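Just so it is clear, the model here is predicted, and its values are computed rather than measured.
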Amino acid sequence: MSLYHETASILTGPSTHGGSLKSRIYGNKDLKCAPAQVYALAFESSKWSAVLKEVVENSQLLQTERKLTPALSILLVHDFLLAKKGIALPASHGLRAAIEKHKARIQSEFTRARIRRKCPTLEALKASVDAQLGPPHPRWIRVNTLKSTIDEQLETTFRGFEMVPTVEEVMASGSTGRKMICLDGHIPNLIAASPGIDFTKTEAYKSGAIILQDKASCFPAYLLDPRPEDGDIIDACSAPGNKTTHLAGILHERGFAQDQCIIAFEKDKHRAKTLQNMVKTAGSDSVTVIHPGQDFLKTDPHAPKFRRVGALLLDPSCSGSGIVGRDDTPAFHLPSTTSSSSSQPSVNRKRKRPQPCHSSESKPTSTTTVVVDDEGNETHLATPQALHARLAALAAFQLSIVLHAFAFPAAKKVTYSTCSVHAVENESVVLRALASDIARQRGWRVLRREEQVRGMREWPVRGDLQACDGDEVVAGACVRSSREDGKGVMGFFVVCFVREDEHSKKGDDKDNEEGPYVRDAQGRIVRDENGIPTLKSTGRKAVELDMLDSDEEEGSVVELRFGEGYDGGDDGDGPFERDADGRIVRGSDGMPRLKVKRAKAGEVDDGGGQEVEEENSEEEGDEWAGFDD
Ligand SMILES: C[S@@+](CC[C@H](N)C(=O)[O-])C[C@H]1O[C@@H](n2cnc3c(N)ncnc32)[C@H](O)[C@@H]1O
């Protein structure tokens, strides 16, 4: 089979098999031609196909040359007009002859197509066609802090790269061949590198020291802002594990609380294997408990093993509309086989009419909508009804995931994200979740923009106000990104929900965003030799040990490290007094009230101090779930 036949069958074959164009070509063991050659032809012809479609239709090629199919005509005309060496077939070959005998007409139709686009030269037309692809996507690389540091990577993997201040410069370097990087200004430990550079062969990639992860995909773990005092963290929909390992990296930098872990669910057993591999390579297997093949929706939030779950990351399956064309493959436009120039729909998208050179509106207009499943397989939905039904089903599932997360008793923050651009999967799910009974009962609300971690607070693209029913707070809390906004990221959406009782105290006070404890430059809580954190509000330790042990028998001193075995109580609630809702009772300075047996009246004497009260006498053999931040 010739290069043209093989490429045509890839481009017109069922795109629901095998994922992206690149993976369909490189993963195809039956290809006779070199995959790189097939990919180059497929990519370039697709890129030019809107122009070439007009050339083929207006020169009536398909009506006169019956052996040509629409796909073959685009590929052959592409090489005839634009490839340096022309059509890669012997001069006597029937397909080449079928094109070359119409040489004059094809060339004049090509000139007409250029003039219709108001491009004075071929160079201008080429620039216009390239511009339709949008700015090239940078390579986003997250340094895995479990295994390496930014400094180490700058000295090794990125040695020889030019450091520039903006991602725009990095994106532009794709066409110059220069190797540039910039440190991202929003997400810690994230690097943007020049488009097209393959890092999968590097030692750092193979060892898990770097992870190739789009910037937007780093938003959820960063926005969730996991902390030692959050207790266990659930990643509800985990595979392949980008966000699971990101959570681990953030917690590692802050210092995992003892026994604190990430609980990762993945319903699909096959994808769970990928997750297991990724978690292992990233070096986070010791802190991650994977539930392969387990449906998060079937978990019991009230099960004892989840009682310490303080935060959940939800990244459920979605329409994938934000990642269409993630391998930067443009749509493949097919010419009509009838003599009318009104064409059949393109395989992906078609333009309504040619756009002039330098037009800011020269993007193709969608005619069919593509949804991408978790494996990267694409399905083309031709009618608005089909799309509507698909999105409604997805949104119902996504909402159920959010509401299920809201039910975890100790949960105080939840992020919900999709790689969809559709409001029905994004802002609408947020509104429906907020209006739910469980959200109202338990006090769930959105984490307002001004309360978010710095990088997310400063990210400029926010939720759609109209889709939020005009609610500016909700729209501001929602974080969006799109491939078209020139920031080099994929289409994405994320929001964080918090429990009202936990966050209402913080208000707009930026100093409080780090929680109530003093932290060092790395964000780790400052503790004394006993592991006791120091409160910002008082500058004192959160709990004075000596108030516990004065009447204690030797060896029965309560250890107050996060999550560490606490043998001072068997009610599962740890050493502090709790109210009817299970919340730790505090004094006016935020100090938790101890319920340790026989402890003396060990108050904190700064005015707002409280007494350590005598409590349960059966405080043995249970674990303490950590400070309730
Ligand atoms: C968008 S992907 C998650 C990507 C992942 N968070 C990452 O960053 O690498 C959604 C995943 O959720 C899984 N999934 C879907 N429904 C689920 C459920 N009810 N319980 C657990 N996993 C589920 C899918 O199999 C899929 O692997």
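- Here the closest non-hydrogen pair linking Pro316 and Ser417 is CD-O, 3.4 Å.
- Rounded to the nearest 0.5 Å, atoms CG (Asp235) and CD (Glu266) are 9.0 Å apart.
- Formation of a donor-acceptor pair under 3.5 Å by the His137 side chain with backbone atoms of Pro195 is not found in this model.
- In terms of modelled atom types and a separation under 3.5 Å, the side chain of Trp140 and the main chain of Ser217 share no donor-acceptor contact.
- Considering Asn189, Thr245, Asn242 as possible partners of Arg142, the one that fulfils the side chain to side chain donor-acceptor pair (under 3.5 Å) test is Thr245.
- A donor-acceptor pair under 3.5 Å is absent between the side-chain atoms of Ser284 and the main chain of Val287, judged by distance alone.
- Using a cutoff of 4.0 Å between basic side-chain nitrogens and carboxylate oxygens, Arg449 and Glu472 are not scored as salt-bridged.
- With Asp485 contributing its side chain and Ser482 its backbone, the two residues share a donor-acceptor pair below 3.5 Å.
- With rounding to the nearest 0.5 Å, the separation of CD1 in Ile262 from CG in Asp232 is 9.5 Å.
- Arg159 and Glu155 are not joined by a salt bridge, as no carboxylate oxygen comes within less than 4.0 angstrom of a charged side-chain nitrogen.
- With rounding to the nearest 0.5 angstrom, the CG atom of Leu146 is 10.5 Å from the CD1 atom of Ile250.
- Distance check: Lys267 NZ to Ser238 OG gives 13.5 Å after rounding to the nearest 0.5 Å.
- Judged by distance alone, the side chain of Ser148 and the main-chain N or O of Thr145 form no donor-acceptor pair under 3.5 Å.
- A 4.5 Å side-chain heavy-atom check between Val479 and Val495 finds every atom pair outside the cut-off.
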> Going through the checks in order, is the side chain to side chain contact (heavy atoms under 4.5 Å, CB included) test met by Leu247 and Leu224?
Replying inline: CA-CA 9 Å; Leu247 287 171; Leu224 187 66; 3.9 Å; yes
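- Salt bridge annotation for Lys487-Glu168: absent, with no cationic side-chain nitrogen under 4.0 angstrom from a carboxylate oxygen.
- Using a 4.5 Å cut-off on side-chain heavy atoms (C-beta onward), Leu212 and Arg139 make no contact.
- Across every non-hydrogen atom of Gly322 and Val421, the tightest pair is CA-CG1, 3.9 Å.
- Aromatic rings from Phe408 and Phe306 are positioned such that their centres are separated by under 6.0 Å.
- Here the closest heavy-atom approach between residue Asn144 and residue Ala282 is recorded as ND2-O, 2.8 Å.
- Aromatic ring orientation, Phe219 versus Phe492: perpendicular (interplanar angle above 60°, classes split at 30° and 60°).
- Pro409 is not listed as a side-chain neighbour of Arg307, based on a closest heavy-atom distance of 4.5 Å or more.
- The distance from atom CZ of Phe161 to atom OG of Ser194, rounded to the nearest 0.5 Å, is 6.5 Å.
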>> Walk me through whether Lys413 and Asp225 qualify under side chain to side chain contact (heavy atoms under 4.5 Å, CB included).
In response: CA-CA 9 Å; Lys413 45 190 184 181; Asp225 192 25; 4.3 Å; yes
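- Annotation: side chain of Asn426 is not in contact with side chain of Ser428 (no heavy-atom distance under 4.5 Å).
- The two residues Pro220 and Thr415 make their nearest non-hydrogen contact at O-CG2, 3.7 Å.
- Checked by atom type and distance alone, the side chain of Lys147 pairs as donor or acceptor with a backbone atom of Ser207 at under 3.5 Å.
- Side-chain N or O atoms of Thr418 include one that pairs as donor or acceptor with a backbone N or O of Ser420 at under 3.5 Å.
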>> As a quick check of understanding, evaluate side chain to side chain donor-acceptor pair (under 3.5 Å) for Thr149 and Asp151, giving each step before the final call.
In response: CA-CA 5 Å; Thr149 61; Asp151 287 346; 5.5 Å; no
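- In this structure, the separation between SG on Cys318 and CZ on Phe493 is 11.5 Å, given to the nearest 0.5 Å.
- Comment: Arg254 does not engage Asp230 in a salt bridge, judged by the lack of any side-chain N to carboxylate O separation of less than 4.0 angstrom.
- Here His246 and Tyr222 keep their ring centres 6.0 angstrom or further from each other.
- Gln153 contributes no side-chain N or O that, together with a main-chain N or O of Val143, makes up a donor-acceptor pair within less than 3.5 Å.
- Counting heavy atoms from C-beta on, the side chains of Phe497 and Leu434 come closer than 4.5 Å.
- No donor-acceptor distance shorter than 3.5 angstrom exists from the side chain of Arg499 to the backbone of Lys412, with no hydrogens or angles considered.
- The aromatic rings of His186 and Trp459 sit perpendicular to each other, their planes meeting at more than 60°, with 30° as the lower class boundary.
- A salt bridge between Asp184 and Lys215 is present, with a side-chain N of the basic residue lying under 4.0 Å from a carboxylate O of the acidic one.
- Summarising the local packing, NZ of Lys269 is surrounded by 12 or fewer heavy atoms from other residues, nucleotides or ligands at distances under 6.0 Å.
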>> Quick one, Leu154 with Met163, criterion side chain to side chain contact (heavy atoms under 4.5 Å, CB included). Give me CA distance, side-chain angles, the key distance, then yes/no.
In response: CA-CA 9 Å; Leu154 292 181; Met163 175 88 84; 3.9 Å; yes
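- Ion pairing between a basic and an acidic side chain is recognised when a charged N comes within 4.0 Å of a carboxylate O; Glu451 and Arg448 show such pairing.
- Close placement of the Phe406 and Trp444 rings is indicated, their centers lying within 6.0 Å of each other.
- The side-chain heavy atoms of Gln452 and Leu223, taken from C-beta on, include a pair separated by under 4.5 Å.
- Salt-bridge formation is not detected for the pair Asp285/Lys280: no Lys NZ or Arg NE/NH1/NH2 atom is positioned less than 4.0 Å from an Asp or Glu carboxylate oxygen.
- Closest approach of Ala433 to Leu399, counting heavy atoms only: N-CD1, 3.6 Å.
- Nearest heavy atom pair, residue Glu425 against residue Gln398, reads OE1-NE2, 3.0 Å.
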> Does the pair Gln294 and Lys298 meet the rule for a side chain to side chain contact (heavy atoms under 4.5 Å, CB included), with working shown?
Replying inline: CA-CA 8 Å; Gln294 193 169 330; Lys298 296 203 173 127; 5.9 Å; no
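- Counting only heavy atoms from C-beta outward, the side chains of Leu251 and Gln260 approach each other to under 4.5 Å.
- In Phe256, the CZ atom is crowded: over 12 heavy atoms of neighbouring residues, nucleotides or ligands sit closer than 6.0 Å.
- Between Val170 and Ile181 there is no side-chain heavy-atom pair separated by less than 4.5 Å.
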